[in-house]
Amino acid sequence: MDELKTMRTFVKVVDEGSFAGAARALNVANSVVTRAVAELEESLKSRLLNRTTRALSLTDVGTQYLERVRSILEDIDDANNQASEATGMVRGQLRVAAPQEFLTASLARLVPRFAQRHPGLNIQLLLSSPEAAVPDDAADVTVLVHNPDPLDGNFVARLLAHAEVVLCATPEYLRQHAPIAKPEDLLQHTILVPESAFERKVWLFHSDGRDGTPETATLQPQRSAITSHNASVLIAAARGHFGIAGALSLNVADDLQAGTLQRVLPAWAAASYRVYAAVPSRNHLPRRTRAFIEFLVEQYGGEARDPWLDGKVR
């Protein structure tokens, strides 16, 4: 029995939730997977999985064994990958977590370029909480989209870019409604912003002013007839000429470029978020992790500016 192979097969069965799923993922026959797990249980003299016609579940012994086996296999993979660094190759599995909106609007477009550079990699994209302020434990690299408050935690984060909150609406909406020259004019309009924006007692706007003298303006938050926690839903409503969306630049960059949405009050800044690549604090990062972070810095600029508004990220 190839013990390492059976360990990997057992982990794959758990991850896929079935023997058939593991067989598809490993590109082998179902019987090969079934036999490997049976041999493993026989060698351990313990049942690892409860089998029913509908589902699999771990036994108590299986739960404890899975935790130790995952750690062992990860250590082996890290050792192999570290040894391969001497050849300049980047290989192994890279797990990247990001909030869904960032993942779909930006990161998923860039990852294929990185995969083409490093064909020895297997890249898994994971969804993280949009409010996350610490790295995901299941990921090698986590993209954090954070408000201006300093990050706090025992981890390492590298700045990738800033993402500004922009106000935008369709040309049709703007033609049919009152002109907007200053923040106070927004009170006459339908404003589409995520529910989290209403946690603030006032909305604060900044401008350099026409003569270079800084100006500020405040507005009392007002809900529209459509609200949502999901920014994509509100942007879609804005595309439907319903109102003015307040959205991160990365989520509307394509619309602004195409002219389907136009910026409102471009001289006024509403808010700015910082985008980081975060990793757990470790003495040694695999080459694949370091290479991916450098790739993100290359693509996004690694500076306190908004590459989506600059047109430098597509």
Side-chain angles (χ1 to χ4, degrees), residues 1-87 89-98 100 103 111 115 118-129 132 134-142 154-155 278-292:
M1 180 183 72
D2 185 334
E3 194 167 9
L4 281 178
K5 188 174 182 178
T6 57
M7 286 180 178
R8 292 187 188 277
T9 302
F10 166 66
V11 171
K12 186 61 69 174
V13 168
V14 175
D15 289 344
E16 297 295 329
S18 69
F19 285 87
R24 286 192 298 270
L26 295 170
N27 196 29
V28 298
N30 288 4
S31 59
V32 173
V33 173
T34 302
R35 185 168 61 253
V37 174
E39 289 178 352
L40 183 61
E41 290 179 323
E42 175 62 26
S43 70
L44 297 172
K45 305 301 180 185
S46 299
R47 180 175 290 276
L48 302 175
L49 294 167
N50 292 315
R51 301 159 175 81
T52 69
T53 56
R54 293 187 176 182
L56 293 176
S57 63
L58 288 163
T59 64
D60 291 340
V61 172
T63 299
Q64 297 174 5
Y65 185 73
L66 176 66
E67 182 179 353
R68 294 297 300 274
V69 165
R70 280 196 192 279
S71 178
I72 290 169
L73 294 177
E74 286 180 358
D75 285 344
I76 291 172
D77 289 341
D78 282 345
N80 290 339
N81 290 324
Q82 186 174 358
S84 70
E85 289 183 9
T87 67
M89 295 181 62
V90 177
R91 57 189 300 179
Q93 183 178 51
L94 178 69
R95 292 162 295 191
V96 182
Q100 181 171 1
L103 187 61
V111 167
H118 305 289
L121 275 178
N122 175 24
I123 304 173
Q124 183 180 14
L125 300 178
L126 310 171
L127 295 181
S128 63
S129 168
V134 296
D136 189 320
D137 289 338
D140 300 298
V141 181
T142 302
N154 183 28
F155 58 91
V279 297
S281 182
R282 300 175 184 169
N283 291 329
H284 172 75
L285 287 178
R287 181 181 177 86
R288 61 183 181 274
T289 302
R290 298 198 311 271
F292 185 67

Out of V69, T63, V61, which one pairs with L48 under the side chain to side chain contact (heavy atoms under 4.5 Å, CB included) rule? V61

For S43, all residues meeting side-chain contact (heavy atoms from CB on, under 4.5 Å), sequence neighbours excluded: M1, L40

What closest approach, in Å, do L126 and A138 show between heavy atoms, and which atom pair accounts for it? CD1-O, 3.7 Å

Does R51 use its side chain to pair, donor to acceptor, with the backbone of L49 at less than 3.5 Å? yes

Considering residues, nucleotides and ligands other than D2, do more than 12 of their heavy atoms fall under 6.0 Å from its CG? yes

Applying side-chain contact (heavy atoms from CB on, under 4.5 Å), can you list everything that pairs with I72, at least two apart in sequence or on another chain? I76

Scan the side chains in residues 9-21 for donor-acceptor partners under 3.5 Å anywhere in the protein, sequence neighbours excluded, and list what turns up.
residue, atom, partner, partner atom, Å
T9, OG1, K5, O, 2.8
D15, OD1, R70, NH1, 3.4
D15, OD1, R70, NH2, 2.4
D15, OD2, R70, NH1, 3.4
S18, OG, G21, N, 2.8

How many angstroms lie between CZ in R91 and CZ in R288, if you round to the nearest 0.5 Å? 10.5 Å

Distance, nearest 0.5 Å, that separates CZ of R95 from CD1 of I123: 13.0 Å

For T52, enumerate each residue passing the side-chain contact (heavy atoms from CB on, under 4.5 Å) test, keeping only those at least two apart in sequence or located in another chain. R54, A55

To the nearest 0.5 angstrom, please state how far the CE atom of M7 sits from the OH atom of Y65. 3.5 Å

Any non-hydrogen side-chain atom of L4 less than 4.5 Å from a side-chain atom of L73? yes

Sorted by chain and number, sequence neighbours left out, side-chain hydrogen bond (donor to acceptor under 3.5 Å, both in side chains) with S46 holds for none

Taking CD in Q100 as the centre, count heavy atoms belonging to other residues, nucleotides or ligands within less than 6.0 Å. Is the count above 12? no

Taking every heavy atom of V134 against every heavy atom of T142, the minimum-distance pair comes out as O-CG2, 4.4 Å

Quick check: does any side chain N or O of R290 sit under 3.5 Å from a backbone N or O of L285, one acting as donor and the other as acceptor? yes

Compare every heavy atom of F155 with every heavy atom of P280, then report the nearest pair and how far apart it is. CA-CB, 4.3 Å

Can you run down the side chain to side chain donor-acceptor pair (under 3.5 Å) pairs that involve residues 27-40, sequence neighbours left out, and say none if there aren't any? none

Nearest heavy-atom contact between V90 and A291 is CG2-CB, 4.4 Å

Step by step, would you call V279 with D140 a side chain to side chain contact (heavy atoms under 4.5 Å, CB included)? CA-CA 6 Å; V279 297; D140 300 298; over 6 Å; no

